[in-house]
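No hydrogens, no waters, no symmetry mates; every other heavy atom, side chains included, goes into these values. Proteins get letters first, then strands, A, B, ... in listed order; numbering begins at 1 in each.
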There are 2 protein chains.
Amino acid sequence: MRRPRIKDVAEYAGVSAKTVSNVLNDYEHVSEQTRAAVREAIDALGYRVNIAGRQLRRGRTGMIALAVPDLDIAYFAELARHVMAETERLGSTTLLLETGGRREKELAAVRGFDTQFTDGVILSPLALQPRDLAGRDTRLPLVLLGECNPPGSADHVAIDNVTAAREATEHLLSRGRRRIAVIGGDLRGQRNTSGLRTIGYQEALTAAGLSLPDDLVLAVPEFRWADGATAARSLMRLPERPDALLCLNDHLALGAVRALHEDGWSVPQDVDVVGFDDIEATRFSIPTITTVAPDKPGIARRAVQLLLERIDAGVPGGPAVDETAGHRLIVRESSGG
Amino acid sequence: MRRPRIKDVAEYAGVSAKTVSNVLNDYEHVSEQTRAAVREAIDALGYRVNIAGRQLRRGRTGMIALAVPDLDIAYFAELARHVMAETERLGSTTLLLETGGRREKELAAVRGFDTQFTDGVILSPLALQPRDLAGRDTRLPLVLLGECNPPGSADHVAIDNVTAAREATEHLLSRGRRRIAVIGGDLRGQRNTSGLRTIGYQEALTAAGLSLPDDLVLAVPEFRWADGATAARSLMRLPERPDALLCLNDHLALGAVRALHEDGWSVPQDVDVVGFDDIEATRFSIPTITTVAPDKPGIARRAVQLLLERIDAGVPGGPAVDETAGHRLIVRESSGG
DNA sequence: GCTCCCATTTACATCGATGTAATCGTGTGG
DNA sequence: CCACACGATTACATCGATGTAAATGGGAGC
């Protein structure tokens, strides 16, 4: 028994296929009587629209893609939930994909994944280079989360990373910390998340009249627990050890805290630790972690709205929009709170 | 400028549309020369297949849905990664969806989400009742992860939860623990994950000649940090407090450890804590958490393979398959390791 | 030189839903 | 009583890709 088609419903209800379609799409000029008959036929046959047929005709899938580096990073999992909730609220479906932070995958996302089953893409890039967006096919709406784009090339939503990092650093300075290290930092002046946060950190140090110790800014291969642990260990072995660790995400912070614990340092007595993202674990770890909490629901909401507006607007699209979402520092045990 | 269609490629290359299609699908009887010309045309025009057209014709989307309760639960995020990796390896795409553990959403998953843009569904159910599967439309292949199904109604992959829980309990008994509580347990004899693990726990106690103290088996509203913390607190206030907590997932265990810490108990000196799932956090928390590690890659691989086999086999489908994946207990600091 | 074979290529129909434009039918105003 | 308006309904073409079956054309065999 094949799946019923719109035509089967039409025959069952004794009307034309187009009338069934009209009922399905809430077209206004359908009599109550016909509408009821069609509904009944739909129920009786267990009919469900074939999205391929619909899309072929309409040119839209009603699906958007959300591509994040890694769902193991709780921040992305939490963000994804908010995005899915928002798209669902607005009647779309989210196709969630992982890039692994690999450039080729991020490029695929920008291009719409080779097949065009997606009306638009929300991408949280890591490896993407500004030039990767240069010649992109603007028929596919794209919203970037976080930084890493040349202004004007695509819509983008992010928190004010410079300010956020500056505030976090100021918090540590206000506690008397002077040797503040950055785990996951980037001194090359990149306009990506790491780079901007490092700039904020430097601003705070400079404003406090401190020198910029570049042996305290440490890049990491990934932003996971293990990387935080490794980085913390190597920093604590410096001739002049840090008295605070500004970790550019919470996983790094949690890994750092674990390594410090294993090596006999206590947090926050010996070292303060601050993270970014406010993932749920930071509220239950021992100690709890001070962190910069981005407005995740706000980021998700704006990203989805921007994308759907672009999709609704159709092909061309005006100038790219930059949206700044809110953030706040939540002080917890790992820095004395 | 519209997106190029197969016809545009055909004209550009000076061949018929079908020949282009043949090239796209690696049909063997196409001359090298023609193939090269078509490839060139594809590149020149930036052509990409329209998946809607293809699906309409082929009747398949090449997409499967994976529906999990909650991506905030790290186990599901980790599992999702493995499923996505496996489907990608086999040339399919995963549509990842959250059910929130709500029955209506799980039912929607079983039905294929009202639109049929998915060739099959992998569902990790929480609220689903056995009868929900009774009259289901078997044209849509379905693989269940974890328990909660009447035998024979759908394929399913899970670890041996009874044995796993028994082993974990035996481990605690072997450490001299006698008042072992279960957080997230279920005494109603349900055949879901909680119920089966509770049975394993009871088996171990009985085998050790201990009575079954039902004040130590505590259900929780959700399986999150906060629930573990709340449950641990209330258990430790019992007249006769437990000396070990068997937590049915790692988030509960982590939350419990935090609550114990706040209330001045030390783990594992005063209380042992064991979790389930082996999420990454348990390897870096303070203390690290003893946990039952399910073979996540194995579960994902079998689930995807089963599903794709069903999809390839076409409509009917033989008897439901039950697959058991491996697990092992990893002893860490929270129970003395 | 003529068949026949087979590799290659193509015309056409089709998948299911929907936009367009035409048709049907009832009711209203003159 | 007719013309006309307008709500309801329908026939038909179309979206893009591909399966079917048939056409094309070059070479081998006799």
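In this structure, B:D8 contributes its side chain and B:R5 its backbone to a donor-acceptor pair below 3.5 Å. At distances below 3.5 Å, not a single donor-acceptor pair connects side-chain atoms of B:T94 with backbone N or O atoms of B:L96. Within the 3.5 Å criterion, the main-chain N or O of B:V321 finds a donor-acceptor partner in the side chain of B:D155. Between the side chain of B:E88 and the backbone N or O of B:T93, no donor-acceptor pair lies under 3.5 Å. For the pair B:D119 (side chain) and B:G62 (backbone), a donor-acceptor distance under 3.5 Å is present.
One axis for each end of the helix from C:dG1-D:dC30 to C:dG30-D:dC1, each built from five base pairs, and the angle between them comes to 50° at 10° resolution.
For the pair B:K296 and B:D277, the salt-bridge criterion is not met [side-chain N within less than 4.0 Å of a carboxylate O]. Salt-bridge formation is not detected for the pair B:E78/B:R81: no Lys NZ or Arg NE/NH1/NH2 atom is positioned less than 4.0 Å from an Asp or Glu carboxylate oxygen.
Take B:T324 and apply the side chain to side chain contact (heavy atoms under 4.5 Å, CB included) test, not counting sequence neighbours, and it matches B:D160.
Contact check for A:E106 versus A:D132: no side-chain heavy atoms found under the 4.5 Å cut-off.
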Atom pairs, protein N/O to nucleotides 22-28 of chain C N/O, distance under 3.5 Å:
none

Under 4.0 Å protein heavy-atom contact, by nucleotide of nucleotides 5-10 of chain C - B base, S sugar-phosphate only: --SSBB
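Listed by first and then second residue, the ring-ring contact (aromatic ring centres under 6.0 Å, His included) pairs involving residues 13-55 of chain A are A:Y27-A:H29 (not counting sequence neighbours).
First and last contacting nucleotides of DNA chain D toward chain B (any atom under 4.0 angstrom from a heavy atom, 5' to 3' order): D:dG16 to D:dT20.
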